[in-house]
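Treat the numbers as computed from the prediction; the structure is a model and nothing was measured. Hydrogens, waters and symmetry mates are skipped; everything else that's a heavy atom, side chains included, is used.
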Amino acid sequence: MRVIARSTLEAFWKQHADSEQPLKAWYAEAKHAVWKTTSDIRKAYASASFLQDNRVVFNIKGNTYRLVTHIHYGTETVLIKFVGTHAEYDRIDARTIGKP
(Lines give C-alpha, C1' and ligand atoms only; values in the text may rest on other atoms or scores of the structure.)
Protein backbone atom coordinates (compact mmCIF):
# COMPACT_ATOMS: atom_id res chain seq x y z
CA MET A 1 0.00 0.00 0.00
CA ARG A 2 1.08 3.56 -0.58
CA VAL A 3 0.68 5.52 2.65
CA ILE A 4 0.07 9.27 2.43
CA ALA A 5 1.50 11.07 4.38
CA ARG A 6 4.21 9.72 6.64
CA SER A 7 5.04 13.29 7.61
CA THR A 8 1.75 13.46 9.54
CA LEU A 9 2.87 10.50 11.64
CA GLU A 10 6.34 12.01 12.13
CA ALA A 11 4.91 15.31 13.32
CA PHE A 12 2.75 13.46 15.82
CA TRP A 13 5.50 11.28 17.25
CA LYS A 14 7.70 14.33 17.73
CA GLN A 15 5.00 15.58 20.12
CA HIS A 16 4.32 12.13 21.64
CA ALA A 17 7.63 10.24 21.78
CA ASP A 18 6.05 7.01 23.06
CA SER A 19 4.02 6.77 19.84
CA GLU A 20 7.08 6.72 17.55
CA GLN A 21 7.84 2.98 17.54
CA PRO A 22 4.18 1.85 17.35
CA LEU A 23 3.49 4.29 14.49
CA LYS A 24 6.66 3.25 12.65
CA ALA A 25 5.60 -0.38 13.04
CA TRP A 26 2.10 0.34 11.71
CA TYR A 27 3.57 2.31 8.79
CA ALA A 28 5.98 -0.49 7.86
CA GLU A 29 3.19 -3.08 8.00
CA ALA A 30 0.78 -0.94 5.99
CA LYS A 31 3.40 -0.08 3.39
CA HIS A 32 4.07 -3.75 2.70
CA ALA A 33 0.47 -4.90 2.98
CA VAL A 34 -1.86 -5.75 0.14
CA TRP A 35 -5.31 -4.83 1.36
CA LYS A 36 -8.01 -5.56 -1.19
CA THR A 37 -10.93 -5.71 1.26
CA THR A 38 -11.75 -4.99 4.88
CA SER A 39 -11.24 -8.70 5.58
CA ASP A 40 -7.57 -8.34 4.67
CA ILE A 41 -7.17 -5.60 7.26
CA ARG A 42 -9.15 -7.48 9.92
CA LYS A 43 -6.75 -10.44 9.61
CA ALA A 44 -3.85 -8.25 10.74
CA TYR A 45 -5.78 -5.78 12.92
CA ALA A 46 -8.66 -7.47 14.71
CA SER A 47 -9.36 -4.34 16.74
CA ALA A 48 -9.64 -2.02 13.72
CA SER A 49 -12.96 -0.23 13.33
CA PHE A 50 -14.52 0.09 9.91
CA LEU A 51 -16.60 3.14 9.08
CA GLN A 52 -18.50 4.30 6.03
CA ASP A 53 -16.63 5.60 2.99
CA ASN A 54 -13.76 3.11 3.42
CA ARG A 55 -12.50 4.70 6.60
CA VAL A 56 -10.60 2.55 9.05
CA VAL A 57 -9.65 3.44 12.62
CA PHE A 58 -6.56 1.73 13.99
CA ASN A 59 -5.71 1.49 17.67
CA ILE A 60 -2.08 2.40 18.25
CA LYS A 61 -0.04 1.52 21.34
CA GLY A 62 -2.75 -0.45 23.10
CA ASN A 63 -5.45 2.08 22.20
CA THR A 64 -3.51 5.00 23.70
CA TYR A 65 -3.59 6.61 20.25
CA ARG A 66 -5.98 6.43 17.33
CA LEU A 67 -5.22 6.60 13.64
CA VAL A 68 -8.02 7.39 11.18
CA THR A 69 -7.39 6.45 7.57
CA HIS A 70 -9.26 6.46 4.29
CA ILE A 71 -8.38 3.49 2.12
CA HIS A 72 -8.63 3.37 -1.66
CA TYR A 73 -8.50 -0.37 -2.26
CA GLY A 74 -8.36 -0.10 -6.06
CA THR A 75 -5.29 2.12 -6.07
CA GLU A 76 -3.80 0.53 -2.94
CA THR A 77 -3.56 3.88 -1.19
CA VAL A 78 -3.97 4.72 2.48
CA LEU A 79 -4.65 8.36 3.31
CA ILE A 80 -3.97 9.40 6.88
CA LYS A 81 -6.83 11.61 8.03
CA PHE A 82 -6.08 11.92 11.75
CA VAL A 83 -3.67 10.73 14.39
CA GLY A 84 -4.19 11.67 17.99
CA THR A 85 -4.64 10.63 21.57
CA HIS A 86 -7.72 8.68 22.53
CA ALA A 87 -9.09 11.83 24.21
CA GLU A 88 -8.51 13.88 21.03
CA TYR A 89 -10.20 11.16 18.98
CA ASP A 90 -13.25 11.36 21.23
CA ARG A 91 -13.64 15.04 20.24
CA ILE A 92 -13.65 14.49 16.45
CA ASP A 93 -15.98 12.81 13.99
CA ALA A 94 -13.92 10.05 12.41
CA ARG A 95 -16.44 9.78 9.56
CA THR A 96 -15.80 13.33 8.35
CA ILE A 97 -12.41 14.52 9.61
CA GLY A 98 -10.13 15.53 6.78
CA LYS A 99 -12.91 15.89 4.23
CA PRO A 100 -12.76 18.97 2.01
For this session: Please check if atom CZ in R6 has more than 12 non-hydrogen atoms from other residues, nucleotides or ligands closer than 6.0 Å.
Result: yes
Problem set entry | Verdict with supporting geometry, V57 and L51, side chain to side chain contact (heavy atoms under 4.5 Å, CB included) | CA-CA 8 Å; V57 180; L51 308 176; 3.8 Å; yes
Exercise. Do I71 and T77 come close enough that some side-chain heavy atom pair is under 4.5 Å?
Worked result: no
Problem set entry | V56 versus A48, closest heavy-atom pair with distance | CG1-CB, 4.0 Å
Exercise. Is I41 reachable from I80 through a run of hydrophobic residues whose side-chain heavy atoms are each under 4.5 Å from the next?
Worked result: yes
Exercise. So do the side chains of L67 and L9 get within less than 4.5 Å of each other, counting heavy atoms only?
Worked result: yes
Exercise. Do NZ/NE/NH1/NH2 and the carboxylate oxygens of E10 and K14 come within less than 4.0 Å?
Worked result: no
Exercise. Is the count of non-hydrogen atoms from other residues, nucleotides or ligands lying under 6.0 Å from K31 atom NZ greater than 12?
Worked result: no
For this session: Would you mind checking if K61 and D18 are paired as a salt bridge, meaning a charged N to carboxylate O distance below 4.0 Å?
Result: yes
Exercise. Are the side chain of D93 and the backbone N or O of R95 linked by a donor-acceptor pair below 3.5 Å?
Worked result: yes
Exercise. Stepwise, does the side chain to side chain contact (heavy atoms under 4.5 Å, CB included) test hold for T8 with V83?
Worked result: CA-CA 8 Å; T8 302; V83 60; 4.1 Å; yes
Problem set entry | I4 side chain near V78 side chain, heavy-atom distance below 4.5 Å | no
Exercise. Within 45° of the axis and under 6.0 Å from the centre of the six-membered ring of F82, does NZ or CZ of R66 qualify?
Worked result: no
Problem set entry | R42 vs F50 side-chain heavy atoms within contact, under 4.5 Å | yes
Exercise. Under 6.0 Å between ring centres, would you say that holds for Y65 and Y89?
Worked result: no
For this session: Side-chain contact test, heavy atoms from C-beta onward, threshold under 4.5 Å: evaluate it for H72 versus N54 and give yes or no.
Result: no
Problem set entry | E29 versus Y45, side-chain donor and acceptor atoms under 3.5 Å | yes
Exercise. Are F58 and W26 close enough that their ring centres sit under 6.0 Å apart?
Worked result: yes
For this session: Please report the closest heavy-atom contact between K81 and G98, naming both atoms and the distance.
Result: NZ-O, 3.3 Å
Exercise. Is there a side-chain contact between N63 and H86, using heavy atoms and a 4.5 Å cut-off?
Worked result: yes
